Amino acid sequence: MSYETLIVETHGRVGLITLNRPQALNALCDQLTSELDQALAAFDADPAIGCMVITGSAKAFAAGADIKEMQHRQFPQTYLDEFLNWGAIARKRKPVVAAVAGYALGGGCEIAMMCDIIIAADTAKFGQPEIKLGVIPGAGGTQRLTRLVGRAKAMDLCLTGRMMDAAEAERAGLVSRVVPAAELLTVALDVAATIAAMPLPAVLAAKECVKRADEVALEEGLLFERRAFHSMFATFDQKEGMAAFADKRAPKFENR
Ligand code: CAA
């Protein structure tokens with residue numbers, strides 16, 4: 001599969017997707033979001049891949065939805081197309097790591113928030129500047145951001161359109177780690193390789209359970225987690241992981 005707006009590579013069991021529209025700071029045109037969904041879906045379905053990384057350039061992870069492409073849109077088609085419904089990107093089963101340097105604005109911040117882990121370069125800047133364009137976030141900026149950083153900061157960012165630097169984003173709980181820009185990709189690929197080396201049934205179950213916490217009350221979430229935990233005892237990798245611990249040897253997981 002070849003892509004015009006992405007560079008897609010594999011590093012061992014890690015699938016790396018680089019957003020590649022440098023002339024537009026990786027603005028998320030329809031072609032890019034559709035190719036991103038296809039590339040993630042291909043890695044998600046590939047048994048040789050255990051984790052994905054999405055990154056951009058040093059200057060921009062992505063500067064938002066493509067303003068020039070959408071500026072003449074009218075309501076009927078926007079509604080009929082279900083414009084900006086990027087839900088499929090957020091629904092991949094294998095973990096996705098966002099490696100963010102430079103601008104992650106509007107849809108760029110929203111794509112990063114659809115990922116499971118955000119690793120930020122110290123140059124990263126996050127924001128939901130849509131209000132300055134006469135609109136509001138349309139791909140999760142008012143919803144995921146509020147869940148991730150709380151109402152106070154989400155309201156501040158969505159209403160003022162200001163940017164938050166990497167240090168503030170880490171304090172707010174939006175990003176898992178901040179690293180020097182020169183180390184961003186190495187660290188992100190390392191994190192992804194660590195995840196990809198874990199037994200896949202447990203990886204998928206852990207991701208599913210953590211995401212469930214966004215949706216349900218505590219007792220329901222605890223029950224969901226416990227049932228998923230119980231189901232791990234049907235896997236080869238549980239037998240192997242625990243036997244290896246007892247035998248004081250390294251486990252050989254088979255992702256089954
Ligand atoms: N859409 C389309 N093109 C964009 C773009 C975007 N979101 N962001 C940047 N570009 C283009 C610029 O038009 C420019 O193209 P030309 O060279 O052809 O003029 C090129 O990328 C470089 O950008 P700048 O010259 O503006 O670079 P800068 O360093 O001066 O500024 C910036 C960088 C602050 C990120 C600025 O580009 C900017 O403010 N971009 C728009 C950010 C924004 O508003 N994002 C939200 C979009 S709406 C949205 O995302 C809705 C949603 O919920 C999904």
Side-chain angles (χ1 to χ4, degrees), residues 3-7 17-37 39-40 54-92 96 98-115 118 120-149 151 153-169 172 174-175 181 184:
Y3 301 98
E4 283 176 32
T5 61
L6 310 174
I7 299 167
I17 299 170
T18 305
L19 310 182
N20 188 35
R21 288 188 79 210
Q23 72 286 2
L25 302 185
N26 294 330
L28 302 159
C29 60
D30 292 343
Q31 183 183 6
L32 189 151
T33 51
S34 151
E35 289 189 353
L36 179 59
D37 182 37
L40 287 168
I54 304 176
T55 196
S57 69
K59 180 161 182 190
F61 177 74
D66 192 314
I67 299 166
K68 294 170 191 165
E69 189 179 70
M70 75 176 142
Q71 66 175 320
H72 299 299
R73 275 186 166 273
Q74 301 292 335
F75 169 76
Q77 211 55 40
T78 302
Y79 175 64
L80 292 172
D81 291 352
E82 200 46 313
F83 179 52
L84 286 195
N85 184 356
W86 296 340
I89 291 174
R91 281 194 295 272
K92 302 301 178 254
V96 185
V100 176
Y103 298 111
L105 301 178
C109 186
E110 290 167 319
I111 294 276
M113 291 190 291
M114 290 174 201
C115 298
I118 303 178
D122 48 13
T123 58
K125 286 187 164 52
F126 298 87
Q128 298 291 160
E130 290 89 344
I131 194 130
K132 297 197 227 169
L133 299 168
V135 292
I136 64 169
T142 67
Q143 301 302 301
R144 289 198 178 89
L145 187 65
T146 307
R147 283 168 170 76
L148 290 170
V149 306
R151 180 191 156 119
K153 201 142 305 252
M155 202 63 105
D156 175 358
L157 292 172
C158 290
L159 292 180
T160 67
R162 79 171 174 90
M163 295 184 212
M164 172 160 80
D165 67 16
E168 183 180 359
L174 180 63
V175 310
L184 176 67

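Being a predicted model, the structure only gives us computed values, none of them experimental. Residue indices begin at 1 and follow the sequence shown. In each ligand, atom 1 is the first atom listed, and ligand 1 is the first ligand listed. Values reported hereafter were calculated over all heavy atoms of this structure, with side chains retained and with hydrogens, waters and symmetry mates removed.
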Looking just at side-chain N and O atoms, do Gln31 and Thr5 make a donor-acceptor pair shorter than 3.5 Å?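 Checked: Gln31/Thr5 side chains show no N/O donor-acceptor pair below 3.5 Å.
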Nitrogen or oxygen atoms of [X] and ligand 1 under 3.5 Å apart:
X	value
Ile136	no
Pro137	no
Gly138	yes
Lys68	yes
Glu130	yes
Ile67	yes

Tell me every residue that passes side-chain hydrogen bond (donor to acceptor under 3.5 Å, both in side chains) with Gln143, counting only those two or more places apart in sequence or in another chain.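 So Gln143 forms no side-chain hydrogen bond (donor to acceptor under 3.5 Å, both in side chains) with any residue.
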Do side-chain atoms of Ser57 reach the backbone of Lys59 as a donor and acceptor pair under 3.5 angstrom?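 Yes.
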Test: Glu168 and Arg162 ion pair at under 4.0 Å: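 Between Arg162 and Glu168 there is a salt bridge, with a charged N closer than 4.0 Å to a carboxylate O.
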Is [atom] close to the protein, meaning a heavy atom under 4.0 Å from it?
atom	value
atom 53 (O) of ligand 1	yes
atom 33 (C) of ligand 1	yes
atom 27 (O) of ligand 1	yes

In terms of heavy-atom contacts, does CD of Glu4 have more than 12 from other residues, nucleotides or ligands at under 6.0 Å?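 12 or below, so no.
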Can you confirm whether Gln71 is buried at CD, in the sense that more than 12 heavy atoms of other residues, nucleotides or ligands lie under 6.0 Å from that atom?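 Yes - once you tally the heavy atoms of other residues, nucleotides and ligands closer than 6.0 Å, there are more than 12.
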Which bit of [X] is near ligand 1, meaning a heavy atom under 4.0 Å away: side chain, backbone, both or neither?
X	result
Ala27	side chain
Leu133	side chain
Ala65	both

I want to check something: taking the side chain as every heavy atom from C-beta on, are Val175 and Val100 in contact at a cut-off of under 4.5 Å?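 Not touching, per the 4.5 Å side-chain cut-off.
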If you look only at pairs with a residue in residues 61-70, which of them pass as a salt bridge (charged side-chain N to carboxylate O under 4.0 Å, His left out), with sequence neighbours excluded?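 Salt bridge (charged side-chain N to carboxylate O under 4.0 Å, His left out) check on residues 61-70 returns Arg21-Asp66.
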contact_flag Ala24 ligand 1 heavy-atom lt 4.0 Å: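 Ala24: in contact with ligand 1 (<4.0 Å).
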Identify, by atom number and element, the atoms of ligand 1 in contact range of Met70, meaning under 4.0 Å from any of its heavy atoms.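 In order of number, 48 (S).
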Report the member of Lys59, Gln23, Glu110 with the shortest heavy-atom distance to atom 17 (O) of ligand 1.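 Result: the heavy atom closest to atom 17 (O) of ligand 1 is in Gln23.
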